[in-house]
Amino acid sequence: MLVEFGDTRVLVTASVEDGVPSFLRGKGEGWVTAEYGMLPRATHTRSAREAARGKQNGRTLEIQRLIGRSLRAVVDPRALGERTVTLDCDVLQADGGTRTASITGAYVALADAMEALVRRRAIGSSPLHGQVAAVSVGIVGGVPVVDLDYVEDSSAETDMNVVMNNGGGFIEVQALRKGTASAATNSTNCWTSRPCRCQRLFAGRPEALAEPLPGARGRSGR
């Protein structure tokens, strides 16, 4: 699926495979993981492919671990069974918020993949017990801003990435203050900006999930 947050565009796919990592083998539990990457011209200047450099950088590893943790927070691993779901998040165009867009889109791809397993009677019911969405918030020029673009993010005094479930609970929060320490009132202003935007993302989910699934291709979901 293609997710768009402003000018940021991320293509997300979910692939389901039999088997789990060695640390889960024989436990009857599934695993959800993620891989994240940016196309060389996702930004204004070309970046070399990480495959050409022979290793992923720290930012890439951090983001894909965040995506995996966020999705595992709403998955019952026993209901999934010994299967691995890999969410591939490929940034086509980056203008800030690529990790929050990836998390939000990855949930839809995961939900579609679980629905495909249920339809094929591979599992009795979906192992999902909630929804996930993420949004960036920050203080720019003393003003709270939601879903920061690149220019806003680079000049923000404070910025946060907030991951929530549809029950209003926090799954993960990443926060950074640039320069001097932030006053508590600034952080409060950030917090009051995020729940409404996440709820708007959840409200748009039924339309996205109602789209027909593509034809089955091997063991892959959407």
Side-chain angles (χ1 to χ4, degrees), residues 1-5 9-39 51 56 60-61 63-92 98-134 163-167 169 171-172 198-222:
M1 70 154 299
L2 178 66
V3 58
E4 299 183 9
F5 277 25
R9 299 177 180 178
V10 184
L11 182 65
V12 186
T13 59
S15 301
V16 183
E17 300 176 285
D18 292 332
V20 291
S22 58
F23 66 88
L24 283 176
R25 207 165 293 150
K27 295 184 178 181
E29 298 181 358
W31 182 247
V32 177
T33 187
E35 293 190 10
Y36 167 96
M38 295 177 62
L39 294 186
Q56 294 176 308
T60 297
L61 292 171
I63 292 174
Q64 61 191 30
R65 288 168 181 163
L66 171 64
I67 298 168
R69 288 195 304 270
S70 300
L71 274 296
R72 288 195 294 273
V74 295
V75 175
D76 178 353
R78 287 202 166 273
L80 178 59
E82 291 203 358
R83 299 178 179 85
T84 296
V85 184
T86 303
L87 286 310
D88 287 294
C89 304
D90 295 298
V91 180
L92 308 181
T98 61
R99 71 187 70 194
T100 54
S102 295
I103 291 167
T104 303
Y107 173 82
V108 177
L110 177 62
D112 279 349
M114 297 303 95
E115 181 185 347
L117 287 179
V118 171
R119 288 184 176 181
R120 296 206 306 266
R121 299 183 180 179
I123 55 178
S125 60
S126 174
L128 300 178
H129 52 76
Q131 298 185 36
V132 176
V163 187
M164 299 182 69
N165 63 26
N166 59 320
I171 293 174
E172 186 152 343
C198 279
Q199 291 305 317
R200 288 175 58 185
L201 292 171
F202 290 129
R205 284 275 168 75
E207 182 179 351
L209 292 171
E211 294 181 9
L213 292 172
R217 292 176 293 181
R219 292 179 293 176
S220 298
R222 183 172 177 175

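All heavy atoms count here, side chains included; hydrogens, waters and symmetry mates do not. One-based numbering along the sequence shown.
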Arg72 CZ to Leu80 CG distance, which is reported to the nearest 0.5 Å: 12.0 Å
Measure from the side-chain N and O atoms of Ser126 to the backbone N and O of Glu115, and report whether any donor-acceptor pair falls under 3.5 Å. no
Report yes if the side chains of Arg9 and Leu2 come closer than 4.5 Å at any heavy-atom pair, otherwise no. yes
Would you name the heavy atoms of Ala101 and Val3 that are closest together and state the gap between them? O-CG1, 3.5 Å
Check: Glu82 side chain, Asp18 main-chain N or O, donor-acceptor pair, under 3.5 Å: no
Where do Leu24 and Gly30 come nearest, in terms of heavy atoms and distance? CD1-O, 3.7 Å
Residue pair Ser70, Tyr107: steps toward the side-chain hydrogen bond (donor to acceptor under 3.5 Å, both in side chains) verdict: CA-CA 9 Å; Ser70 300; Tyr107 173 82; over 6 Å; no
Once you round to the nearest 0.5 Å, how far does CD of Gln56 lie from CD1 of Ile63? 11.0 Å
Whether Thr104 side chain and Ala133 backbone form a donor-acceptor pair below 3.5 Å: no
Looking at every non-hydrogen atom in both residues, tell me the closest pair between Ile171 and Ala73 and how far apart they are. CG2-CB, 3.8 Å
Considering non-hydrogen atoms only, spot the tightest contact between Leu87 and Ala109 and give its length. CD1-CB, 4.2 Å
Test log, rule side-chain contact (heavy atoms from CB on, under 4.5 Å), inputs Arg83 and Leu117: CA-CA 11 Å; Arg83 299 178 179 85; Leu117 287 179; 4.2 Å; yes
Kindly say whether Pro127 contributes a backbone atom to a donor-acceptor pair with the side chain of Arg78 at under 3.5 angstrom? no
Rounded to the nearest 0.5 Å, the CD1 atom of Ile67 sits from the SG atom of Cys89 at a distance of 4.0 Å
Working to the nearest 0.5 Å, report the span between CG of Leu66 and OH of Tyr36. 10.5 Å
Spacing of Met38 atom CE and Thr98 atom OG1 [to the nearest 0.5 Å]: 6.0 Å
Taking all heavy atoms of His129 and all of Asp76, pick out the closest pair and write down the distance. CD2-N, 3.8 Å
Looking at every non-hydrogen atom in both residues, tell me the closest pair between Val118 and Ser125 and how far apart they are. CG2-C, 3.7 Å
Distance from Glu35 atom CD to Thr13 atom OG1, nearest 0.5 Å? 9.5 Å
Applying side chain to side chain contact (heavy atoms under 4.5 Å, CB included) to Leu11 and not counting sequence neighbours gives Leu92
Before giving the answer on side-chain contact (heavy atoms from CB on, under 4.5 Å), spell out for Met114 and Val75 the whole-Å C-alpha distance, their side-chain angles and the decisive distance to 0.1 Å. CA-CA 10 Å; Met114 297 303 95; Val75 175; over 6 Å; no
side-chain contact (heavy atoms from CB on, under 4.5 Å) evaluation trace for Arg25 with Ser22: CA-CA 5 Å; Arg25 207 165 293 150; Ser22 58; 3.8 Å; yes
